[in-house]
Colleague: 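Mind looking over this structure? Questions follow.
Throughout, protein chains are lettered first and strands after them, A, B, ... in sequence-line order, and every chain is numbered starting at 1. The structure displayed is predicted, hence computed values, not measured ones.
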Amino acid sequence: MSKKNHLPTEFYTGSDPTFIARGLLGKLLCRRVENVVLKAMIVETEAYSHQEKACHAYNLLRTKRTDTMFLKGGVFYVYLCYGVHHMLNVVTNVQGIPDAVLIRAVEPLDGVKRMQSNRKKNNIYELASGPGKTCQAMQVNLIQNAKPCSSADLWIEEGQNVNERGIGVSKRIGVDYAGEDAHLPWRFYLKMSKFVSRYNTK
DNA sequence: CTATCGATCCACT
DNA sequence: GTGGATCGATAGG
């Protein structure tokens, strides 16, 4: 058994979600399915906080779905969107304070053939350039919900160091329903990456 | 119980 | 650029 290079717990619990969303850029999202290991670098994230309307757990709203977000930071929050696509988040903050970071896009590194097969696409730039695509490529579904970010079948490990100046910022995508909070500059991405989702809402 | 609506993607024009 | 797919969670009667 090789020792995994997991992130320390404090990484997930120690700061507000925008800081953690920035910090996750360059980290590696890893998945083991059967005997195949998939690895991909996180290149785009969005922060969600219980204090703003775009968040499922806004105002500490607790439901069957948002229960996961109330767990201590460092677990995955997975849900189904539009009845079709899974979305992968990382829960942050301490227990009882529901904040999270959505993983919106990753750059495939290992197991690319498997991801191409999962996505039924060959173009590497289209394998995980969006939150739904990322889950399809990495074979993430509701079974992963509430599992630790250091699980044997899905985990996050150290990756590239990212220079702050290499990080682009914009408002979040697809949250127009959130009123004024829709304008929060809480989407973060690697400027130089060709693997981010196409949208570039400023 | 029913109605509404997505933290999206893709095919098509 | 636009619209359909598709279904579970959610809120309200």
Side-chain angles (χ1 to χ4, degrees), chain A residues 12 16-22 24-25 29 40 42-71 73 75-93 97-108 115-146 149 154 156 168-189 194-202:
Chain A
Y12 299 108
D16 73 85
T18 61
F19 189 85
I20 296 169
R22 286 172 172 275
L24 280 171
L25 296 175
L29 178 65
I42 298 170
V43 298
E44 180 178 339
T45 58
E46 281 178 359
Y48 288 84
S49 156
H50 66 287
Q51 298 179 86
E52 47 86 16
K53 298 191 189 74
C55 184
H56 292 160
Y58 170 56
N59 206 17
L60 300 181
L61 175 67
R62 189 155 193 165
T63 64
K64 184 177 179 181
R65 182 173 63 162
T66 64
D67 253 358
T68 303
M69 293 186 70
F70 286 78
L71 296 173
V75 300
F76 293 111
Y77 167 45
V78 185
Y79 68 93
L80 186 61
C81 188
Y82 292 94
V84 197
H85 302 106
H86 294 283
M87 302 283 119
L88 176 64
N89 299 253
V90 172
V91 174
T92 70
N93 221 319
I97 306 296
D99 295 343
V101 174
L102 171 67
I103 296 178
R104 283 196 56 88
V106 298
E107 173 180 342
M115 295 189 211
Q116 289 170 319
S117 167
N118 291 340
R119 289 274 300 124
K120 299 179 172 59
K121 299 248 184 199
N122 288 323
N123 187 335
I124 56 172
Y125 299 113
E126 296 179 4
L127 293 183
S129 55
K133 298 176 189 177
T134 295
C135 287
Q136 190 180 16
M138 301 291 286
Q139 296 180 246
V140 171
N141 54 62
L142 294 177
I143 295 173
Q144 323 293 336
N145 185 41
C149 299
L154 183 66
I156 294 173
V169 182
S170 81
K171 73 176 191 179
R172 295 169 295 180
I173 293 169
V175 296
D176 289 344
Y177 60 86
E180 59 201 24
D181 290 332
H183 303 300
L184 291 171
W186 284 10
R187 170 174 173 254
F188 307 97
Y189 57 96
K194 295 182 176 178
F195 294 87
V196 299
S197 64
R198 282 188 173 270
Y199 310 101
N200 244 326
T201 47
K202 291 263 179 180

Colleague: For A/Arg62 and C/dA9, what is the distance between atoms CZ and C1' respectively, to the nearest whole Å?
Modeller: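 To the nearest whole Å, that distance equals 16 Å.
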Colleague: Might you point out which heavy atoms bring A/Ala40 and A/Met138 nearest each other, and give the distance in Å?
Modeller: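 Taking A/Ala40 first and A/Met138 second, the nearest heavy atoms are CB-SD, 4.2 Å.
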Colleague: Using the ring pair (Phe, Tyr, Trp, His ring centres under 6.0 Å) criterion, which residues pair with A/Tyr82? Sequence neighbours excluded.
Modeller: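 Once residues adjacent in sequence are excluded, A/Tyr82 has no partner under the ring pair (Phe, Tyr, Trp, His ring centres under 6.0 Å) criterion.
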Colleague: What pair of heavy atoms forms the shortest contact from A/Ala21 to A/Ala47, and how long is it?
Modeller: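 The pair with the smallest heavy-atom distance is CB-CB, 4.1 Å.
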Colleague: Among residues 79-89 of chain A, which ones have heavy-atom contacts with DNA chain B below 4.0 Å?
Modeller: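 The answer is A/Tyr79, A/Tyr82, A/Gly83, A/His85, A/Met87, A/Asn89.
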Colleague: Specify the separation, in whole Å, of atom CE of A/Met69 and atom P of C/dT10.
Modeller: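 After rounding, the gap between these two atoms is 12 Å.
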Colleague: Under a 3.5 Å cutoff, is there a donor and acceptor pairing between the side chains of A/Gln139 and A/Asn118?
Modeller: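 There is such a pair between these side chains.
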Colleague: So what is the 5' to 3' dot-bracket string for DNA chain B, if pairs are Watson-Crick or G-U wobble with both distances under 3.5 Å, crossing pairs use [ ] and | means the partner sits on another strand?
Modeller: ||||||.|||||.
Colleague: Please tabulate, for side-chain N and O atoms in residues 56-63 of chain A, each donor-acceptor pair with protein atoms closer than 3.5 Å (sequence neighbours left out).
Modeller:
{"unit_1": "A/His56", "atom_1": "ND1", "unit_2": "A/Tyr77", "atom_2": "OH", "d": "2.8"}
{"unit_1": "A/Arg62", "atom_1": "NE", "unit_2": "A/Asp67", "atom_2": "OD1", "d": "2.8"}
{"unit_1": "A/Thr63", "atom_1": "OG1", "unit_2": "A/Arg65", "atom_2": "N", "d": "3.3"}
{"unit_1": "A/Thr63", "atom_1": "OG1", "unit_2": "A/Thr66", "atom_2": "N", "d": "3.3"}
{"unit_1": "A/Thr63", "atom_1": "OG1", "unit_2": "A/Thr66", "atom_2": "OG1", "d": "3.4"}

Colleague: Distance check needed: B/dT8 P versus A/Arg187 CZ, whole Å only.
Modeller: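 Answer to the nearest Å: 11 Å.
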Colleague: Any protein N or O atoms within reach of nucleotides 1-4 of chain C? Criterion: under 3.5 Å, listing atom names and distances.
Modeller:
none

Colleague: So does A/Lys171 pair up with A/Glu46, basic N to acidic O under 4.0 Å?
Modeller: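 No, this pair does not count.
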Colleague: Pairs under 3.5 angstrom, nitrogen or oxygen only, protein versus nucleotides 11-13 of chain C, please.
Modeller:
none

Colleague: To the nearest Å, give me how far apart CD1 (A/Ile103) and C1' (B/dA7) are.
Modeller: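 So the CD1-C1' distance, A/Ile103 to B/dA7, works out to 13 Å.
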Colleague: Here's one to test your reading of the geometry: is the NZ or CZ of A/Arg104 within 45 degrees of the ring axis of A/Phe188 and under 6.0 Å from its centre?
Modeller: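 Not satisfied by the 6.0 Å and 45° rule.
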Colleague: Specify the separation, in whole Å, of atom CZ of A/Arg65 and atom P of C/dA9.
Modeller: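 Atom CZ in A/Arg65 sits about 8 Å away from atom P in C/dA9.
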Colleague: Heavy atom of residues 45-57 of chain A under 4.0 Å from DNA chain C: which residues?
Modeller: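 Those residues whose heavy atoms fall under 4.0 Å from DNA chain C, taken from residues 45-57 of chain A, amount to none.
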Colleague: Kindly give the heavy-atom pair with the smallest separation between A/Leu24 and A/Ile42, and that separation in Å.
Modeller: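 Between these two residues, the closest heavy atoms are O-CB, 3.4 Å.
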Colleague: Minimum heavy-atom separation for A/Val169 to A/Tyr189, with atom names?
Modeller: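 Result for this residue pair: N-CE2, 3.7 Å.
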Colleague: Please identify each residue that fulfils side chain to side chain contact (heavy atoms under 4.5 Å, CB included) with A/Asn122, with sequence neighbours left out.
Modeller: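 With neighbours one apart ignored, the set is A/Gln116.
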Colleague: Among all residues two or more places apart in sequence or in another chain, which pass the side-chain hydrogen bond (donor to acceptor under 3.5 Å, both in side chains) test with A/Ser49?
Modeller: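 By the side-chain hydrogen bond (donor to acceptor under 3.5 Å, both in side chains) rule, A/Ser49 matches no residue at all.
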Colleague: Without decimals, in angstroms, what is the distance between A/Asp67 CG and C/dA9 C1'?
Modeller: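 Whole-Å distance recorded here is 13 Å.
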Colleague: Using a cut-off of strictly less than 4.0 Å between a heavy atom of the residue and any atom of DNA chain B, enumerate the qualifying residues of residues 130-138 of chain A by number.
Modeller: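 Residues of residues 130-138 of chain A under 4.0 Å from DNA chain B: A/Gly130, A/Pro131, A/Gly132, A/Lys133.
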Colleague: Grab the CG-C1' distance between A/Leu142 and B/dA7 for me, whole Å please.
Modeller: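 Rounded to whole Å, this separation is 15 Å.
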Colleague: Measure from OH on A/Tyr77 to C1' on C/dA9 and round the result to the nearest Å.
Modeller: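 Between C1' of C/dA9 and OH of A/Tyr77: 9 Å.
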Colleague: Are A/Arg187 and A/Glu44 ion-paired here, with the side-chain N under 4.0 Å from a carboxylate O?
Modeller: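 Salt bridge flag = yes for A/Glu44 with A/Arg187.
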Colleague: Nearest 0.5 Å please: distance from the SG atom of A/Cys135 over to the CD atom of A/Gln144.
Modeller: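 Reported value, rounded in 0.5 Å steps: 9.0 Å.
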Colleague: Check salt bridge (Lys or Arg N to Asp or Glu O under 4.0 Å) between A/Glu107 and all other residues, then give those that pass, not counting sequence neighbours.
Modeller: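 So A/Glu107 forms no salt bridge (Lys or Arg N to Asp or Glu O under 4.0 Å) with any residue.
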Colleague: Would you please say whether a donor-acceptor pair under 3.5 Å links the side chains of A/Asp99 and A/Thr92?
Modeller: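 No - no donor-acceptor pair under 3.5 Å links their side chains.
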Colleague: How close do A/Met87 and A/Cys81 get, counting heavy atoms only, and between which atoms?
Modeller: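 The pair with the smallest heavy-atom distance is CG-CB, 3.9 Å.
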Colleague: Sequence neighbours left out, what passes salt bridge (Lys or Arg N to Asp or Glu O under 4.0 Å) with A/Arg119? Give chain and number order.
Modeller: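 A/Arg119: no salt bridge (Lys or Arg N to Asp or Glu O under 4.0 Å) contacts found.
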Colleague: Would one find a side-chain N or O of A/Tyr177 under 4.0 angstrom from OP1 or OP2 of B/dA7?
Modeller: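 For B/dA7, OP1/OP2 do have a side-chain N/O of A/Tyr177 under 4.0 Å.
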Colleague: Where is the tightest heavy-atom contact between A/Thr68 and A/Val91, given as atom of each residue plus distance?
Modeller: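 In terms of heavy atoms, the two residues are closest at O-CG2, 3.7 Å.
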Colleague: Going from CG on A/Leu88 to OG1 on A/Thr134, what distance comes out if it is rounded to the nearest 0.5 angstrom?
Modeller: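 Here the interatomic distance stands at 8.0 Å.
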